Amino acid sequence: MTVRATTDRESRRYTERETSQHRSADPAVAAHETDSESRAWGPEPEEYRVDLERIRFSPYFARLSAVTQVIPQSGVGPVMHNRLTHSLKVSAVARVIAANLAGRQAQHEAYERGEAEYDDRTGAIVSRLGGCDTIVAQAAGHAHDLGHPPFGHLGEQALDRIARHRLGLAEGFEGNAQTMRILTSLDTLGRDFPGLNLTAAVRAAVLKYPWTRGDWRGTLLESVPANERPRGVGIDVAGGAEKFSVYAWELTEFAEARAAFPNIEEGRQTVECAVMDLADDIAYAIHDLDDFARAGVLQRAQVERELGTWLGDDARLAAAALPELERNWRDPGASLELLWRGLAMKDGWMADRDVFRAAVERVHQSLSEELLAAPYDGGIASERAVSGFTRRWIDHLRTSIVVDEHPAVRGGHVRLGEQAWHEVAVLKFVHAHFVLQRPEHAQAQRGMAQVIEGLALGFEAWLTDPDDRGRAPRALLEWAEGATEAAFALERDRPGVLGGDTSEAGLRRQGRARAILDYVATFTDQQAYATHAALTGR
């Protein structure tokens, strides 16, 4: 088989000497397997297509079909979104956005070669930043949620808390960093190297928060205030970054992937990663509302009460003192006013109250007159209302894209325009305020957190039981051995990067804890419940 020379974007960490099941044996055949869109707008993308198929064939990807997105599976009507269907929709939205940018990049590059009469300024920016490939953006969309543990964000928070405060693991747990760990360390192709051996472009495209937790540990708010920190870093000076995309264990993979994009500044996403991140925001803001309407948890009266009150009484709310709003956040309009205050404080580079008001008006009208105009009853008219709402918003948002070569610190190279940015903020508020804060949802979450805690501490007790350790699950034992060896190597080669207790006993504990998190994070929701019941005898 003849292998063409690869660019830095297409480089893989390990040399592959075996034929891949996802790569055509005959390069002439491969040239015809690519879609016309990719052939017209860039070089032969087979290496990226190989990556996409490797992710699709991964058991970690299949597992997402049994992990809840927000609303549990319904017994009637269309099936609710799960993490797998969400990921597929993120990938689809990312593909359309990336295809537009790839086309503009191709126009610029044709102009540079003297093959086109006019240049494309946006395409020139995309090219300088390292390019945009539709397949890479799709692959990132497929992969972005692989690291989600059982019960989604609730499970993520519970594992992080237990890891840092009960298991002695300073880095804790983070779903985005777990995705990188799965792709580079935990998943396997049946080869003699760890991970899926993806191209640098795809690895870089999943780094939504391109830093470690420790990179921001000890950074005082006086030196870098909240509005000057990248989105996701948070303000926990002692603990470090709230959101991050790489553990210390994967720092080498991280550095190699980022090295393929010399024009992307430290702490910035690549273009394809920014596309994926934006597509995730759009899907989260719009598609989850489908489920809320179908499940009956989003009611027109509630929306009218909050959004309508704020629109009719925004002058009074704007004049209210912050402590009063925080104390009376359940009063109509108060929570929406608190949202605005938060946007103005952290995102002054974009936030504008007049534009925010226009966004509230548009979302209010769309929800009241389209999605929630009549209660969902499972009939054709109800389905048309839900589908029409989704289609119109997706079309609007994915055509409201701005490419910025020098973005604000809380912005990105690919972002929404001013109006759409405010609209997505309001849509995500609807998601959080009317669904995630429901008392019955909180009650279920407390039970889920206890399941996660019982699993993590139960496996910790098992692995430290000298009489019964050998009967622990084989994968858990092997991962504990590998993670412990890696912890000692990290402390030897990069002293202090792990943080926490780095004595011999401390490193063994950290390696064991990392393996426990890896193992628990592989469960589906139902596997978590069943394993917890078996492990605790309840």
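All values reported here derive from a predicted model rather than from experimental measurement.
- In terms of modelled atom types and a separation under 3.5 Å, the side chain of Ser382 and the main chain of Tyr376 share no donor-acceptor contact.
- Closest approach of Phe244 and Thr212 over heavy atoms only: CB-C, 3.8 Å.
- No more than 12 heavy atoms of other residues, nucleotides or ligands sit less than 6.0 Å from atom CD1 of Ile235.
- Ion pairing of Asp281 with Lys428 is present here, as a side-chain N (NZ or NE/NH1/NH2) and a carboxylate O approach within less than 4.0 Å.
- Residues Asn100 and Ile401 fail the side-chain proximity criterion, which asks for heavy atoms closer than 4.5 Å.
- For His422 (side chain) and Asp352 (main-chain N/O), a donor-acceptor pair under 3.5 Å exists by modelled atom type.
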(message) Please evaluate residues Phe459 and Leu535 with respect to the criterion side chain to side chain contact (heavy atoms under 4.5 Å, CB included), reporting the C-alpha separation (whole Å), side-chain torsions for both, the decisive distance (0.1 Å), and the verdict.
(response) CA-CA 8 Å; Phe459 284 123; Leu535 194 62; 4.3 Å; yes
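- The closest donor-acceptor contact from the side chain of His142 to the backbone of Gln138 lies under 3.5 Å.
- By the 4.5 Å heavy-atom criterion applied to side chains, Trp310 and Ser335 are not counted as neighbours.
- Glu171 has no carboxylate O lying under 4.0 Å from a charged side-chain N of Arg213, or vice versa, which leaves the two without a salt bridge.
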(request) Quick one: do Leu129 and Phe261 satisfy side chain to side chain contact (heavy atoms under 4.5 Å, CB included)? Show the steps, please. (result) CA-CA 7 Å; Leu129 292 173; Phe261 297 87; over 6 Å; no
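- Side-chain contact between Arg104 and Val403 is absent, with no heavy atoms from C-beta onward closer than 4.5 Å.
- Figure legend: cation-pi geometry between Arg362 and Trp393, with NZ or CZ positioned under 6.0 Å from the six-membered ring centre and within 45° of its axis.
- Using a 4.5 Å cut-off on side-chain heavy atoms (C-beta onward), His144 and His86 make contact.
- A salt bridge is defined here as a Lys NZ or Arg NE, NH1 or NH2 lying under 4.0 Å from an Asp or Glu carboxylate O, and Asp187 with Arg54 fails to meet this definition.
- Between the side chain of Arg203 and the main chain of Leu198, a donor-acceptor pair closer than 3.5 Å is present.
- Side-chain contact check for Phe389 versus Ser366: some heavy-atom pair is nearer than 4.5 Å.
- The only option from Arg229, Arg341, Arg410, Glu228 that meets the side chain to side chain contact (heavy atoms under 4.5 Å, CB included) definition with Lys346 turns out to be Arg410.
- Side-chain N or O atoms of Thr199 include none that pairs as donor or acceptor with a backbone N or O of Tyr48 at under 3.5 Å.
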(request) Just do the side-chain hydrogen bond (donor to acceptor under 3.5 Å, both in side chains) check on Ser400 and Gln419 with the steps written out, would you? (result) CA-CA 8 Å; Ser400 303; Gln419 183 65 45; over 6 Å; no
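- Using a distance-only test at 3.5 Å, with no hydrogens or angles considered, no donor-acceptor pair links the side chain of Gln299 to the main chain of Ala301.
- Shortest non-hydrogen contact noted between Arg49 and Ile135 is NH2-CD1, 3.5 Å.
- Here the two rings, on Tyr519 and Phe523, have centers that are under 6.0 Å apart.
- Annotation: the span from Glu272 atom CD to Leu207 atom CG amounts to 12.0 Å, rounded to 0.5 Å.
- Residues Val426 and Leu339 come closest through the heavy atom pair CA-CD2, 4.4 Å.
- One side chain, Asp347 or Trp349, offers a donor N or O that lies under 3.5 Å from an acceptor on the other.
- Environment of CZ in Arg166: sparse, with no more than 12 heavy atoms of neighbouring residues, nucleotides or ligands closer than 6.0 Å.
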(message) Assess the residue pair His413 and Gln269 against the criterion (side chain to side chain contact (heavy atoms under 4.5 Å, CB included)); give the C-alpha distance rounded to whole Å, side-chain angles, the decisive distance to 0.1 Å, and a yes or no.
(response) CA-CA 7 Å; His413 288 301; Gln269 301 169 337; 5.9 Å; no
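- Side chain of Trp421 to backbone of Ala351: no donor-acceptor contact under 3.5 angstrom is found.
- Of the possible polar contacts, one joining the Thr309 side chain to the Arg305 backbone as a donor-acceptor pair under 3.5 Å is found.
- Counted by atom type alone, His148 and Gln178 present zero donor-acceptor pairs between their side chains at under 3.5 Å.
- The two residues Val275 and Ala94 make their nearest non-hydrogen contact at CG1-O, 3.5 Å.
- Listed for the Glu265 side chain is no donor-acceptor partner under 3.5 Å among the backbone atoms of Arg268.
- Of all heavy-atom pairs between Cys273 and Val206, the closest is SG-C, 4.4 Å.
- Taking NE2 of His165 as the start and CG of Asp160 as the end, the distance is 7.5 Å to the nearest 0.5 Å.
- Rounded to the nearest 0.5 Å, atoms CG (Leu455) and NE2 (His532) are 6.0 Å apart.
- Ion pairing of Glu405 with Arg121 is absent here, as no side-chain N (NZ or NE/NH1/NH2) approaches a carboxylate O to less than 4.0 Å.
- Taking CD from Glu361 and CG from Leu311, the interatomic distance works out to 5.5 Å, rounded to the nearest 0.5 Å.
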(message) Show, in sequence, the C-alpha distance, side-chain angles and deciding distance for Trp340 and Phe429, and conclude whether the ring-ring contact (aromatic ring centres under 6.0 Å, His included) test is met.
(response) CA-CA 10 Å; Trp340 162 252; Phe429 166 83; over 10 Å; no
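- Taken from CD1 in Ile125 to CD in Gln105, the straight-line distance is 12.0 Å, to the nearest 0.5 Å.
- With respect to Arg56 and Glu53, a salt bridge is recorded, a charged nitrogen being found less than 4.0 Å from a carboxylate O.
- Leu372 and Leu298 make their closest contact through CD2-O, 3.5 Å (heavy atoms, listed as atom of the first residue, atom of the second, distance).
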(request) Mind running side chain to side chain contact (heavy atoms under 4.5 Å, CB included) on His433 and Gln302 for me, showing each step along the way? (result) CA-CA 10 Å; His433 184 71; Gln302 295 175 318; over 6 Å; no
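- For the atom pair Asn328 CG and Glu337 CD, the distance stands at 13.0 Å (nearest 0.5 Å).
- Within the 3.5 Å criterion, the main-chain N or O of Leu336 finds a donor-acceptor partner in the side chain of Glu306.
- With a 4.5 Å cut-off on side-chain heavy atoms, Arg161 and Phe173 do not count as touching.
- You'll find the side chain of Thr179 stays beyond 4.5 Å of the side chain of Asp145, heavy atoms only.
- The one candidate from Glu423, Met350, Glu418 that meets the side chain to side chain contact (heavy atoms under 4.5 Å, CB included) condition with Val355 is Glu418.
- Between Phe292 and His431, the angle of the ring planes goes over 60°, which puts this pair in the perpendicular group of the 30/60° scheme.
- With contacts defined as side-chain heavy-atom distances shorter than 4.5 Å, the pair Leu371/Val386 qualifies.
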